[in-house]
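Naming: A, B, ... by sequence-line order, numbering from 1 per chain.
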Amino acid sequence: MGKKILSHEFFTRSAVDVAEDLLGKCLIRKIGKKTGVYTITETEAYEGPYDKASHASRGRTARTEVMFGPPGHFYVYLCYGMHWMLNIVTGPIGHPAAVLIRATRSSTVNISIRTRGVLILDGPGKLTKALKIDKGLNALCASPKAGLWFEDRGIKMSKNQIKKTPRIGVSYAGPVWSKKKYRFILKKLPKEELSSFPAG
DNA sequence: ACGATGATGAAC
DNA sequence: TTCATCATCGTA
C-alpha cells in the first residue's frame, strides 16, 4: 500500500477543498518509538479574512499570525480554557485560512486481551488530548520531524460518503457565514480500510 | 441544561 | 486593566 506524505501542494488550495479532501486521509502521530495512525473523519474549513467564523476575520494578531503564514503548518490554540484545537493552515502565504481536524477513527489491536476494535476520537478536544497535541506544535510544519503529519494511504473516497453541514459553535458569525456548509463528515468507512496502529 | 477554566481581543 | 466571549466536553 502506498504511503504518501501530504506536503505543501496539497495544502496550497482553498480551505474548503482541503477540508473535503482530508477525509479518508491519515493523521500520523509519532511520540518516541510509538507511531499512531488515525483516519480523518470530520473537518471544518475556515476560509479567509472575510469568513466571519474564522479567527482571521478580526485581522492579523499574535494568535492568528500563523494562519497568514505558509500552508502545511499547524495552527493550535486553546479553546474554552481547556481544549487544544488542531488546525492545518491552507492557501498561499498572506491568505489566512485553515482546516480544523474534528474527528478520527482507527482500528486498534489490543494484544493483552486479544480483541480487535475501533478507536473513535469524535471531537476536536478529545482528539488533541488523545494524541498529546498542544501549543508546542503551533506554527510547526506538518512533518515527521514535528512528530505529526498527514499521509494518503490509498483510501478511496466517493462524494456520496461525504456529508456537509454548517460548522459547530459559530453562531456569532452571523446569518450568512454561520450557515455555510463548511463542515465535512465521512459517513462510513469499511473496516478493511481502517488504518491501524501497533499495540503496546 | 450547565459549569469548568484561561487565553484572547476589544473597550475604556 | 477589566470584561465578555469563546471553532468544547462531561456530567446531570
Scan every strand shown for a Watson-Crick or G-U wobble partner of B:dT5, both distances under 3.5 Å, and answer none if you come up empty.
none
Please report the distance, rounded to the nearest Å, between CH2 in A:Trp84 and P in B:dA4.
21 Å
Does A:Lys135 put a side-chain nitrogen or oxygen below 4.0 Å from OP1 or OP2 of B:dA7?
no
Given B:dG9, B:dA7, C:dA7, which nucleotide is nearest the side-chain atoms of A:Leu78?
B:dA7
Decide, applying a 5.5 Å centre-distance limit and a 30° plane-angle limit (both strict), whether A:Tyr80 stacks on B:dG6.
no
Between P on B:dG9 and NZ on A:Lys52, what's the gap in Å once rounded to a whole number?
15 Å
No-hydrogen, no-angle side-chain donor-acceptor test under 3.5 Å, A:Ser158 and A:Gln161
yes
Look only at the side chain of A:Glu47 and the backbone of A:Ala15, and say whether a donor-acceptor pair between them is shorter than 3.5 Å.
yes
note: A:Tyr172, atom OH; B:dA10, atom P; distance rounded to Å ~ 13 Å
Looking at A:Arg102, does any N or O in its side chain come under 4.0 Å of the phosphate oxygens OP1/OP2 on C:dT8?
yes
Between atom CE in A:Met85 and atom C1' in B:dT5, what is the gap in whole Å?
13 Å
Between A:Ser54 and A:Ser57, does any side-chain donor sit less than 3.5 Å from a side-chain acceptor?
no
CD1 of A:Ile101 versus C1' of C:dT8: gap in Å, rounded?
16 Å
Would A:Lys126 and A:Asp122 pass as an ion pair if we require N to O under 4.0 Å?
yes
Could you please name the partner base of C:dA7, counting Watson-Crick and G-U wobble pairs only when both distances are under 3.5 Å?
none
Ignoring hydrogens and angles, are the base of C:dA7 and the side chain of A:His55 linked by a donor-acceptor pair under 3.5 Å?
yes
Could you state the CH2-C1' distance from A:Trp177 to C:dA7, rounded to the nearest angstrom?
15 Å
For the pair A:Asp21 and A:Arg13, find out whether any cationic side-chain nitrogen is under 4.0 Å from an anionic carboxylate oxygen.
yes
So, OP1 or OP2 of C:dC6: does either fall under 4.0 Å of a side-chain N or O from A:Tyr77?
no
Quote, to the nearest angstrom, the P distance that separates C:dA4 from B:dG3.
16 Å
Using a cut-off of 4.0 Å on non-hydrogen atoms, how would the nucleic acid contact of A:Met82 be classed: base, sugar-phosphate, or nothing?
base
Can you tell me the distance, in whole Å, between the CG atom of A:Leu100 and the P atom of C:dA7?
10 Å
Within the structure, does a side-chain N or O atom of A:Arg63 lie under 4.0 Å from either OP1 or OP2 of B:dA7?
no
Nearest-angstrom distance from the residue atom NE2 of A:His83 to P of C:dT5
19 Å
